[in-house]
Each structure stands twice: as structure tokens, then as C-alpha cells.
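Comments concern the structure below.
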Amino acid sequence: MGVRREWLLHCSDSYADRAVCEVSVSAGAVEITGPDGPAFTLEGGEIAQFRAALDAAIDQSEIDLRAGHAVGGGTEPA
């Protein structure tokens, strides 16, 4: 079995319908493709910055859920 280079994840599209997103890696770059549009690529230090931002967003999401906030429930953006 080869090295895994692609992950398919359930997500929601811009209409809140169930969709599939893709995360892949090639030559050290990470590419993320959403269901509604083109992919974007992260290279070098961008990968660590994206990971830090995603980790912070996950932490805030958990805080929101514990506080009973619903998606679109009027929480303040960053």
C-alpha cells in the first residue's frame, strides 16, 4: 500500500447541502478543494499558519457549542 496523499471529507456547500471536500498533498504542498469552487494551495510556512488558524477556529467552535450557539446564530466573526 502506498503513502496516502488524498482525503475526502464530508462538508457543506454554500447552500448548506451535504457535499464532499478534498485535501491532498503533492510535492510538499497541501491543496484544499471545496465543493463550490477552485482549490487553494498552501506551501511552506503557509501550512503551519493554516493549521494554527484551523486549530484556533476549532477551539472557538467548541466554546460556542458549549455555550449553546447555533450556526448562524449571531456570533461575532473574528
Applying a strict under-4.5 Å side-chain criterion to I, L, V, M, F, W and Y, I'd like to know whether Leu42 and Leu54 cluster together. yes
Write out all pairs satisfying side-chain hydrogen bond (donor to acceptor under 3.5 Å, both in side chains) with one or both partners inside residues 39-50, taking only residues at least two apart or from two chains. none
Between the main-chain N or O of Ala53 and the side-chain N or O of Arg51, is there a donor-acceptor pair closer than 3.5 Å? no
Is there side-chain contact between Val23 and Val30, with heavy atoms separated by less than 4.5 Å? yes
Is there a continuous path of hydrophobic side-chain contacts, each under 4.5 Å between heavy atoms, that joins Leu8 to Val25? no
CG of Asp64 to CG of Asp59: how many Å apart, nearest 0.5 Å? 11.0 Å
Sequence neighbours excluded, every pair satisfying disulfide bond (SG atoms under 2.5 Å apart) that has a member inside residues 14-62: Cys11-Cys21
Search all heavy atoms of Asp13 against all heavy atoms of Tyr15 and return the closest pair with its distance. OD1-N, 2.9 Å
Residue pairs, two or more places apart or on separate chains, that pass side-chain hydrogen bond (donor to acceptor under 3.5 Å, both in side chains) and touch residues 18-40: His10-Arg18, Ser14-Asp36
